[in-house]
Amino acid sequence: MNNIVLKRESNTDFSSTDETSLLVVIFDSNPGQQFLRDNTHVLTHCLDSIIAFSNAHLMQKAQNKLAVMACHSKTSQFIFPGPGKPIDIRQTDGQYEIFTMVEKTIKHNLSKLLGSDISNILTESLLAGTIAMALCYIARMQRIKSPGIKINSRILLVTGSSDSASQYMNYMNVFFTAQKHNVVIDVCALDQHLSLLQQGCDITGGLYLKLPQLQGLLQYLLWVFLPEPPIREKLVLPPPVKVDYRAACFCHRELIDIGFVCSVCLSIFCKFSPICTTCHTVFKMPGPLAVKQKKKKLKL
Amino acid sequence: MGDEEEPKEYRWETGYEKTWEAIKEDDDGFLEASVADIIQRAKRKRQTQKTGTTKLGMMRHLYILLDCSDAMSSQDLKPTRLLCTIKLLDGFIEEFFDQNPISQMGVIIMHNKRAEKISDLAGNSHKHVKQINSLNRTSLVGEPSIQNGLEMALSSLKLLPTHASREILIIMGSLTTCDPSDINVTIETLKQEGVRCSVIGLAAEVHVCRQLANQTGGTYNVILDDCHFKDLLYQQVDPPPAAVCLDSSLIKMGFPHQMEADGKEEPLTMCMCHVDSVDEGSKLTTGGYYCPQCYSKYCELPVECRACGLTLVSAPHLARSYHHLFPAANYTEVAFEKQVSLCFACQKTFTETDKQVYSCPNCSKTFCLDCDIFIHDTLHTCPGCATNLSTFQITHTS
């Protein structure tokens, strides 16, 4: 512990007051998630952990900024800072007013969101779109910041839904945008392993953690995801997992090892087909000849 | 600028254009806001021309023909034309490989009536950037020869397979070219081979360049200043529409993934890329990319497997350029009449100053101007569509 503190002091870059850290927490509140359907009051547990974690982030530095988003079955929205005016808060039990406000706003907006959707149809969580919204929000924060201030932004995704290859394109777009704008994407998987989001963490330099135990959510959040990315390399964190960079084919949306790529539009297919379904190009030759051609091309 | 003019028509025959009236001073007497506005409008115009259905030449093979003649030492671009060009090309090369992951590029310089290839067609940006940066010490002498440059580029582009898109980009500072024979013959050959030649002029419009660009289906533009130069150069990053004579084929590729090693350490192995290189010997390492066909190990992607000839790429490499094929739908400009109070994406509250808001035709969510630009320039995914179950796949299927 001493070691860490010392190193932090020696690196004056990120302890200066001109730097703020913007954290966008995306919470997957889709009732269709398996672990929520098994045990509904887990949601309260997760929410409490996230609120405590958010407050811990704000507590680290007075300048730190926070936004919390909920990705629900039909829509995604910001639950902190919510739409409209901030609610009036009076100090209770000597608690810092902002903490009370974070908790009240999140709970108020989330309950409104949960109440607005009572259908029982199971749908997938459109997390890629929520990240896209978060990136727009971060881009606005970068635009309106006062000059001389540096904002380090990151996104933390807390989700228990499964990977959906149908959002592949949207995921890739948001990952590359995040990479370009130096936004770190962290993922905390509550229930299932998420290989696409794991790629995103790897691309943007974030951390991926598949939670071994849901009970310890807050503990893991505070240990793994609370430190800023520059500090993380000095900490002993769970070892990085090997990233699976296989592609999903366009025809069946399955992950493949070897595939065929259309030379016109770079669509990936798992089998040779005479017509590209994406750009409607007609291919003139079968597999073996195409391989021979490619050899010629790659002679550098 | 930038619009194709009819080649037969002279400038004075077109309508009387009051270009100075397009530029207005803002409240503080600055012109920047109005220039930015012009660039903004041009951007939106280009954006609307993009439609997802056109066939694009994604496997690009581009030769940059850089003028290194006497004319490049002129100081009308600061500090000199050459240094300014080198600086812009640096960024261009990075961006090019970022957006065109499996493309290749080469650089040829033209000086003293000769053409000299300073870097061969290759898919690695570092090498090109290094070569380009070493140019600032070359002596700028004599006249350039476009013909020699074109012939040299053509001789290596000719050998490429038919599904590859072949392009030449000429950056021309000189107003003259000194050629050994009839350049029209060369232009004709380029046209037959389907090589697309684009020219960026740093001085003034030259007939032979206009001819070259028109005949081969490229673009010809003359720069106004360094910002315009950058804009023109970066337009070349987007893949061009596929040439008609382009053959297409399916190319077999491998997507390597790291070894499955549950719990135990990976064995130490040597990678195939360095195994027989003299100057940089192969080291024993864990990790790396394994060819899914023959399990040879490589330390970098993309690469062609030396053992089985399979092209190895990583999926995100390909995914980087998908947005060219599936661009986000263009938003329609709507006058702001307090329809909504917030921008859907960035939560900005609309005020009186927002005269126009932008709405997506698919999900009919409303966005502010800044988000419109951000979404179409960088993100390429409409946040409204992507968070809506009925629309999140529209860009993929249409």
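Sequence lines set the chain letters: A, B, ... in the order given, protein chains first and strands last, and positions in each chain run from 1.
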(request) Sorted by first residue and then second, give each salt bridge (charged side-chain N to carboxylate O under 4.0 Å, His left out) pair with at least one member in residues 164-183 of chain A; sequence neighbours left out. (result) Lys180(A)-Glu95(B)
(message) Quick check on Phe175(A) against chain B: is it the side chain, the backbone, both or neither that has a heavy atom closer than 4.5 Å?
(response) neither
(message) With chain B as the partner, which of Ala134(A), Ala132(A), Ser125(A) has the greatest number of non-hydrogen pairs under 4.5 Å?
(response) Ala132(A)
(request) Sort Ile138(A) into side chain, backbone, both or neither according to what part of it lies under 4.5 angstrom from a heavy atom of chain B. (result) neither
(message) Counting only non-hydrogen atoms closer than 4.5 Å, does Met133(A) touch chain B with its backbone (N, CA, C, O), its side chain (CB onward), both, or neither?
(response) both
(message) Give me the atom names and distance for the closest heavy-atom approach of Leu126(A) to Ala386(B).
(response) CB-O, 3.3 Å
(message) Given heavy-atom pairs under 4.5 angstrom as the criterion, report whether the side chain, backbone, both or neither of His181(A) touches chain B.
(response) side chain
(request) Can you see which heavy atom on Ser73(A) is nearest to which on Leu389(B), and at what distance? (result) O-CD1, 3.5 Å
(request) Sort Leu312(B) into side chain, backbone, both or neither according to what part of it lies under 4.5 angstrom from a heavy atom of chain A. (result) neither
(request) Flag the pair Arg143(A) and Asp370(B) as a salt bridge only when some basic side-chain nitrogen lies within less than 4.0 angstrom of an acidic carboxylate oxygen. (result) yes
(request) Indicate the atoms forming the closest heavy-atom contact of Leu379(B) with Leu135(A), along with that distance. (result) CD1-CD1, 3.9 Å
(request) Please report the closest heavy-atom contact between Cys346(B) and Tyr137(A), naming both atoms and the distance. (result) O-CD1, 3.5 Å
(request) Check whether Gln77(A) gets within reach of chain B through its side chain, its backbone, both or neither, counting any heavy atom under 4.5 Å. (result) neither
(request) Check salt bridge (charged side-chain N to carboxylate O under 4.0 Å, His left out) between Lys127(B) and all other residues, then give those that pass, not counting sequence neighbours. (result) none
(request) Quick one: closest heavy-atom pair of Lys348(B) and Arg140(A), and the distance? (result) CB-CD, 3.6 Å
(request) Identify which one of Phe344(B), Phe367(B), Phe374(B) satisfies the side-chain contact (heavy atoms from CB on, under 4.5 Å) criterion when paired with Cys136(A). (result) Phe374(B)
(message) Could you measure the distance from the CE atom of Met172(A) to the NE2 atom of His380(B)? Nearest 0.5 Å is fine.
(response) 14.5 Å
(message) If you count every heavy atom of other residues, nucleotides or ligands that lies below 6.0 Å from Lys145(A) atom NZ, does the total exceed 12?
(response) yes
